There are 2 protein chains.
Amino acid sequence: MADLKYKQIQNFLKEQIQKGIYHTGDFLPSENDLCEQFKITRTTARKAFDELSKEGFIEKLHGKGSRVRERRKSLGLLTVKGFSEAVGGNVQTEMIKEPVLVKSCPHEFLHNKGEQHLTDCIFFERLRKVGDLPVMIEKNWFSESALKGFTQTEFVDGSFFKTLSRNYRIEITGSEHELRAEFADATTAALLKIREGSPVLHISIKFSTSNPELVIYSELYCNTSRYPVGNSYFI
Amino acid sequence: MADLKYKQIQNFLKEQIQKGIYHTGDFLPSENDLCEQFKITRTTARKAFDELSKEGFIEKLHGKGSRVRERRKSLGLLTVKGFSEAVGGNVQTEMIKEPVLVKSCPHEFLHNKGEQHLTDCIFFERLRKVGDLPVMIEKNWFSESALKGFTQTEFVDGSFFKTLSRNYRIEITGSEHELRAEFADATTAALLKIREGSPVLHISIKFSTSNPELVIYSELYCNTSRYPVGNSYFI
DNA sequence: TAGTGGTCTAGACCACGGT
DNA sequence: CCGTGGTCTAGACCACTAG
């Protein structure tokens with residue numbers, strides 16, 4: 001796959017961005033520069049840039065150049081508002097259950113209609129906080145076979161998806177969500193430090209990735225009273 | 001804009017699909033066919049197909065052809081599960097307030113941070129039901145200037161977005177959401193026929209469209225107990 | 001005016017799916 | 001085998017941005 005020229009350029013530039021050689025707002029070399037550097041034609045260079053644009057790493061500005069995006073363009077990911085914005089370091093992630101191998105994904109999972117159940121999957125659970133305020137409980141399951149040795153992996157910047165991207169070069173390619181407003185049960189309420197019976201936003205997600213073997217199932221429970229859940233999408 | 005060759009092909013094919021000349025699952029003419037028909041090169045034909053693919057109208061199958069997708073690929077739109085699936089005709093939309101010209105968008109609107117307020121905008125409100133069960137209240141605002149004469153327009157298949165696409169050739173290009181789990185207030189509860197204080201999912205949306213003048217603001221209130229809200233996204 | 005990305009031509013060869 | 005979409009070359013001209 002990596003013998004494709006445009007993929008090579010695409011991955012080369014993606015690495016430069018991820019390594020921080022190009023920062024947010026920086027302009028990448030022009031398409032013509034890359035043509036010279038890699039001895040390719042405009043068409044191929046453009047294809048690489050187009051892909052990076054589709055993946056949300058850059059935005060192309062007619063007449064100016066291609067600029068590294070401030071945040072990766074949304075992938076339809078739902079994010080708690082304040083998490084990405086709050087760069088001040090007041091966002092904390094508390095690991096409730098370190099990644100462990102479990103025998104199965106909870107069968108009540110909403111997206112498991114007609115799909116084979118996961119066996120031998122990795123599970124981990126985290127609590128997201130803004131300052132001292134718990135905002136979201138996050139439970140994740142995914143097949144162990146796809147990410148061998150993950151339980152020994154250190155998270156990159158505390159981010160699961162960044163870890164996938166940088167350490168495994170796996171990108172999220174799709175997601176399905178189900179959203180429900182529910183009364184918080186006792187354990188959820190305790191973790192979120194809210195009263196039992198308060199409304200919580202329950203989000204069930206199935207993520208597809210660039211590795212067909214890796215599908216990620218997540219269950220989120222959010223206290224949206226102070227920090228609503230946000231989501232943005234651009235073509 | 002329509003003098004661009006690839007745009008012409010793109011719109012031509014889109015019309016054929018929308019008119020039902022090509023049905024879901026049908027294969028469009030091959031890229032080479034279109035090259036002959038329109039006297040263009042592969043590059044241009046491919047660009048048209050690529051755009052249609054990005055917009056979710058078709059999927060390209062290597063070695064086989066380009067097939068009309070069953071449903072438009074998700075645009076990050078949140079949809080009530082059962083609405084798109086329920087083809088049996090048990091989905092009903094009740095207009096609570098017909099489109100009317102109002103003086104302003106409610107200023108408490110969540111996405112109005114730092115943006116100029118809308119004046120002279122169209123407002124309409126609908127209640128979505130599955131069978132007899134009210135599931136979602138939907139309130140919409142958008143600038144009147146962008147869609148002159150909209151108050152006289154008949155909805156295509158009862159769908160606002162289909163109407164935009166077919167009658168105005170405007171596509172949704174992006175959206176921002178804010179989601180909250182809340183207690184239903186009295187009026188919301190009454191419309192949704194649930195008890196006051198039940199949890200409802202409150203979604204605030206700002207839609208961007210292919211017409212820079214047209215921005216749509218929506219407020220949704222959903223009873224998710226029976227029909228959760230769904231959302232899917234694919235690169 | 002120089003440099004950027006956007007559109008387009010006229011080819012070529014490859015990888016995949018079905019006959 | 002043929003037709004499909006996927007990659008790629010080597011050019012050209014246009015539209016936009018900025019000094």
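Throughout, a chain's letter reflects where its sequence line sits, starting with A, and its residues are numbered from 1. The structure presented is a predicted model; accordingly, all values stated were derived computationally and were not measured.
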task: Sort out the partner of D/dG19 for me: Watson-Crick or G-U wobble, both distances under 3.5 Å, none otherwise.
output: none
message: How long is the straight-line distance from CD1 of A/I17 back to CD of A/E55, given to the nearest 0.5 Å?
response: 9.5 Å
query: Can you check the B/R67 CZ to D/dG5 P distance for me, whole Å?
result: 13 Å
Check: protein-nucleotides 5-7 of chain C nitrogen or oxygen pairs below 3.5 Å:
from	atom 1	to	atom 2	distance (Å)
C/dG5	OP2	A/E31	N	2.8
C/dG5	N2	A/H62	NE2	3.3
C/dG5	N3	A/H62	NE2	3.4
C/dG6	OP2	A/R46	NH1	2.8
C/dG6	OP2	A/R46	NH2	3.1
C/dG6	OP2	A/K60	NZ	3.2
C/dG6	N7	A/R42	NH2	2.8
C/dG6	O6	A/R42	NH1	3.3
C/dT7	OP1	B/Y6	OH	2.9

query: Roughly how many Å is it from CD1 in A/I9 to C1' in D/dC8, rounded to a whole number?
result: 12 Å
- prompt: Could you go step by step and tell me if A/Q18 and A/F57 meet the side chain to side chain contact (heavy atoms under 4.5 Å, CB included) rule?
  reply: CA-CA 10 Å; A/Q18 288 175 334; A/F57 283 97; 4.2 Å; yes
- request: Spell out, as yes or no, whether a donor-acceptor pair under 3.5 Å connects the side chain of A/S30 to the backbone of A/D33.
  value: yes
task: Considering just the side-chain nitrogens and oxygens of A/T43, establish if one lies under 4.0 Å of OP1 or OP2 belonging to D/dA10.
output: no
Rounded distance in Å - CD (B/E51) to P (D/dG5): 17 Å
- line: Rounded to whole Å, the NZ-C1' distance (A/K39 to D/dC8) equals 17 Å
task: Let me know the distance between NZ of A/K7 and C1' of D/dC8, rounded to the nearest Å.
output: 16 Å
A/D26 (side chain) donor-acceptor with A/H23 (main chain) under 3.5 angstrom: yes
message: Closer than 3.5 angstrom, by distance alone: can the side chain of A/T163 be matched with the main-chain N or O of A/V156 as a donor-acceptor pair?
response: yes
message: Using the ring-ring contact (aromatic ring centres under 6.0 Å, His included) criterion, which residues pair with A/F38? Sequence neighbours excluded.
response: A/F12
field: B/F38 CZ to C/dA10 P, straight-line distance once rounded to whole Å
entry: 17 Å
